[in-house]
Amino acid sequence: MSAPIKIAIAGVNGRMGKMLVEAVEQNPHTVLTGALEHAGSEALGLDAGYASGLKTGVIISSDTDAALADCQVLIDFTRPAVSGSLLLVCTKRGIKMVIGTTGFDEAGKAAIAAAAEQTAVVFSANYSVGVNLTFHILDTVSCVLNEGYDIEIIEAHHRHKVDAPSGTALRMGEVIAHALGRNLKDCAVYGREGHTGARDPHTIGFATVRGGDIVGDHTALFAGEGERVEITHKASSRMTFAAGAVRAAVWLQHHDRGLYDMQDVLGLKTSNPPI
C-alpha cells in the first residue's frame, strides 16, 4: 500500500477549511501536514481539527513556509489574491494545487494556466460530484433543446458569499453556451431591472439570491412553449465539496503538471473547454 498523500490546507479556519480538515482525516489515502491561516486569525496556535473535535497534531500557522514544508498538495479555498500568492510559492516548490477559490478575473485565470505548465493544478468552480455530473448532463440537454427554449440560470447561496453569480452558475452558463456554439461573454444577461423589452432568445440569463445559510442551490431552466425543463442541484452540506476536493488531490498523484478540472478527475470529460 502506498504512503498517504501529504495535504496542506489554506484558509483552514474558514467554513470550507474546517470541512476540508475533516475530509482529509476521513480519507484513507491522505494525511494532513499543514494548516495555513492569515496573520491575526483567532485560530493561530490551535490544532487544525479543533472545530470538529479532531486531534490532527497539525498546528494552525500563518507561516507559509512552515505550513507547506512537508506537503505534496495544497488545497486552497480562499480568495483570488491569496490564491495567486500561494500559486507562486507552490510553483517554485513543485507543490501541486487543488484550487476551489472563485471570483478570478482573466489575469488570475491566466496565472493559473501558466503555473500549470510547471506543476499539476485542479481548478474547478465546484468540487461536488453531483454538480459535475450536472455539468455533463447540461451539455447533452443543451444540444437537444437548442431551439425554442429560453435559458435562465438561478443560483442561491448564504449571506456571506462575496461574488455573484457563483462560479458554479457561470460554469453552467459556459457549458450551455459552448454546446450551443455561443460565447457566454456575448450572450449573458446578469439581472434585469426596469423596462427591459422583450427577451432576446439568444441570451442566457442569470439570477442571484443571497440569504441565510444556504449552502448552494443551482438550477438551469429551459423554458419553451408548453413545457419547462429544469436541471437542479442542491447542496445541503459543504462536505460534498470538501470530499470532492480531497478526491481531486488524490487523483493528482498521477500527474506532474497540467491544468485539470473536476470533469477530468471524474472521467466525465466531453468537448467542454476547461475552466
Inset, instruction - Report the C-alpha distance between K6 and V73 in whole Å, list the side-chain angles of each, state the deciding distance to 0.1 Å, and finish with yes or no for side-chain contact (heavy atoms from CB on, under 4.5 Å). - result: CA-CA 7 Å; K6 299 175 181 178; V73 183; over 6 Å; no
Inset, instruction - Could you go through the side-chain contact (heavy atoms from CB on, under 4.5 Å) check for S124 and Y260 one step at a time? - result: CA-CA 8 Å; S124 189; Y260 307 97; over 6 Å; no
Inset, instruction - Could you walk me through whether F241 and F77 pass ring pair (Phe, Tyr, Trp, His ring centres under 6.0 Å), step by step? - result: CA-CA 10 Å; F241 312 126; F77 280 70; 8.1 Å; no
Inset, instruction - Could you walk me through whether C90 and K96 pass side-chain contact (heavy atoms from CB on, under 4.5 Å), step by step? - result: CA-CA 7 Å; C90 288; K96 301 171 185 180; over 6 Å; no
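Interatomic distance, F135 CZ to E174 CD, rounded to the nearest 0.5 Å: 9.0 Å. A distance of 8.5 Å separates CG in D217 from OG1 in T232, rounded to the nearest 0.5 Å. How far CD1 of I151 is from CG of N146: 9.0 Å, rounded to the nearest 0.5 Å. Taking OG1 from T208 and CD from E155, the interatomic distance works out to 4.0 Å, rounded to the nearest 0.5 Å. One finds the CG atom of L87 at 5.0 Å from the CD1 atom of I99 (value rounded to the nearest 0.5 Å). Atoms CE and CD1, from M172 and I137 in turn, are 10.0 Å apart once rounded to the nearest 0.5 Å.
With T119 contributing its side chain and I95 its backbone, the two residues share a donor-acceptor pair below 3.5 Å. Put simply, the side chain of D47 gets close to the backbone of G57: a donor and an acceptor are under 3.5 Å apart. Formation of a donor-acceptor pair under 3.5 Å by the D264 side chain with backbone atoms of G267 is not found in this model. Distance alone, capped at 3.5 Å, is enough to place a donor-acceptor pair between the T134 side chain and the G130 backbone. In this structure a side-chain-to-backbone donor-acceptor pair under 3.5 Å is present from T56 to V58. Judged by distance alone, the side chain of T219 and the main-chain N or O of L221 form no donor-acceptor pair under 3.5 Å. When atom types are taken as modelled, the side chain of T240 and the backbone of S237 share no donor-acceptor pair closer than 3.5 angstrom. No donor-acceptor pair closer than 3.5 Å links the side chain of T196 to the backbone N or O of R192. One N or O on the side chain of H158 and one on the backbone of K161 form a donor-acceptor pair closer than 3.5 Å. Judged by distance alone, with hydrogens and angles left aside, the side-chain atoms of Y127 form no donor-acceptor pair with the main-chain N or O of V246 at under 3.5 Å.
Between the side chains of E225 and Y149, no donor-acceptor pair is found at a separation under 3.5 Å. Under the 3.5 Å distance criterion, with hydrogens and angles disregarded, a donor-acceptor pair is assigned to the side chains of T78 and S83. Side chains of S166 and H218: a donor-acceptor N/O pair is present below 3.5 angstrom, by distance only. In the model, T33 has no side-chain atom that pairs as donor or acceptor with a side-chain atom of D70 under 3.5 Å.
Put simply, the side chain of N27 reaches to within 4.5 Å of the side chain of V250, judged on heavy atoms. Side chains of V162 and R79 form a contact here, defined as non-hydrogen atoms less than 4.5 Å apart. With a 4.5 Å cut-off on side-chain heavy atoms, V89 and L68 count as touching. With a 4.5 Å cut-off on side-chain heavy atoms, I176 and I153 count as touching. In this structure, the side chains of I7 and I75 come closer than 4.5 Å at one or more pairs of heavy atoms. Taking the side chain as every heavy atom from C-beta outward, Q263 and H136 approach each other to under 4.5 Å. With a 4.5 Å cut-off on side-chain heavy atoms, L252 and Q72 do not count as touching. At a threshold of 4.5 Å between non-hydrogen side-chain atoms, the residues I204 and V189 do not count as touching.
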What side-chain donor-acceptor pairs closer than 3.5 Å can you find for residues 8-24, not counting sequence neighbours?
from : atom 1 : to  : atom 2 : distance (Å)
N13  : OD1    : Y50 : OH     : 2.4
E22  : OE2    : S52 : OG     : 2.9

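Look at E152 and R199 and you find a salt bridge, because one of the NZ, NE, NH1 or NH2 atoms lies within 4.0 Å of a carboxylate O, short of that distance. A salt bridge links R93 to D65: at least one charged side-chain nitrogen sits closer than 4.0 Å to a carboxylate oxygen.
In the displayed structure, D186 atom CG is contacted under 6.0 Å by more than 12 heavy atoms of other residues, nucleotides or ligands. In this structure, R210 places its CZ atom where more than 12 heavy-atom neighbours from other residues, nucleotides or ligands lie under 6.0 Å away.
In this pair, F104 and F123 present their aromatic rings perpendicular. The plane angle is above 60°, beyond the 30 to 60° band.
Nearest heavy atoms, A48 versus L32: CB-CD2, 3.7 Å. Of all heavy-atom pairs spanning Y190 and P165, the tightest one is CD2-CG, 3.6 Å.
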